[in-house]
Amino acid sequence: MKISLQQLTLLGLSGLHQANGHYGYPYTVVDGVVSKRWEYIRPVTGIFQPNYDYSGPSAMCGNNATLPLWPIKTLKIAAGSTIGFAAKGQSMNRRDESEDFTDFDPSFYMYHNGPATAWLSKAPGDDLNEYKGDGDWFKIDVKGASDGIHWDYRSEERINIMNFTIPAATPPGKYLLRAEHLNMENGGSYRTTEMYQNCAHVEITGSGTGTPGPVTHFPGAFNAKDPGIWLPNALWRPIQPMDELKNWQGAGPKVWRG
Ligand SMILES: [Cu+2]
């Protein structure tokens, strides 16, 4: 088959784009066990892309995930323990991530540099598959820049699982668990931060009696002008540790640790 130089370039670019493309978090990890794809994570439509609509409906759980596309399972996890969200690159040869059921591939890693946060929202009823996430949300964990200079989750670290701790004081119940990763180093200017987010269905067990807060709501927890989304230029690749980065808690409410 004869192929033009232009076609070759296009093929080359799209190959590179798919191999290194953006990503999402379709798997959970508990005690080293990686789930099946979309087993406990709400499936999303479209191809994994950075979300720039920070204050829109997809900022909660991704594209078309205000309700699950189909009923998914609920993962039991004890308060005080750790849950992971495992990354996967854009689906190849598919137009929709929800049609992809491939297993976790540990060779893929998060190659963007930026903070990660986890959030919880308790379902009012017994079935998370019916919960639109329109109740109260609180933030439970943050992975920022512990040395005050570099984001803990950065390309060189080749991290493929974001880990978060469920506060021991979290009251038992069924929750939507939202995980977010931001690519803050995409120019450091207004509306360039790439947001990636997915939500898991979890049942938190234990005897926690805390009162989580402060709370917020989706959509509306933050917006494109929020300094937690738009990294001020002063914090752009500092040469000395900066408290603003060390104490980073992202946009929206402060972290509740119980
Ligand atoms: Cu990207």
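Bear in mind the structure is a predicted one, so any value in this text is a computation, not a measurement. Ligands are counted one by one from 1 in listed order, and the atoms in each one are counted from 1 as well.
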Give the name of the N/O/S atom in [X] that lies closest to the Cu ion (ligand 1).
X	answer
E194	OE1
H112	NE2
H22	ND1

Any N/O/S atom, backbone or side chain, of Y196 lying under 2.8 Å from the Cu ion (ligand 1)?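 So Y196 counts as coordinating the Cu ion (ligand 1), yes.
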Taking only residues two or more places apart in sequence or in another chain, which ones pass side-chain contact (heavy atoms from CB on, under 4.5 Å) with T165?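 side-chain contact (heavy atoms from CB on, under 4.5 Å) list for T165, sorted by chain: T82, D141.
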Geometric class of the W151/W248 ring pair [parallel <30°, tilted 30-60°, perpendicular >60°]: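 Ring orientation of W248 relative to W151: perpendicular.
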Residues that, via side-chain heavy atoms closer than 4.5 angstrom, fall in one hydrophobic cluster with L67: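 In the cluster with L67 there is nothing else; it is isolated.
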Pairwise distance CZ(F164) to OG1(T117) - rounded to 0.5 angstrom: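 Separation between the atoms: 6.5 Å.
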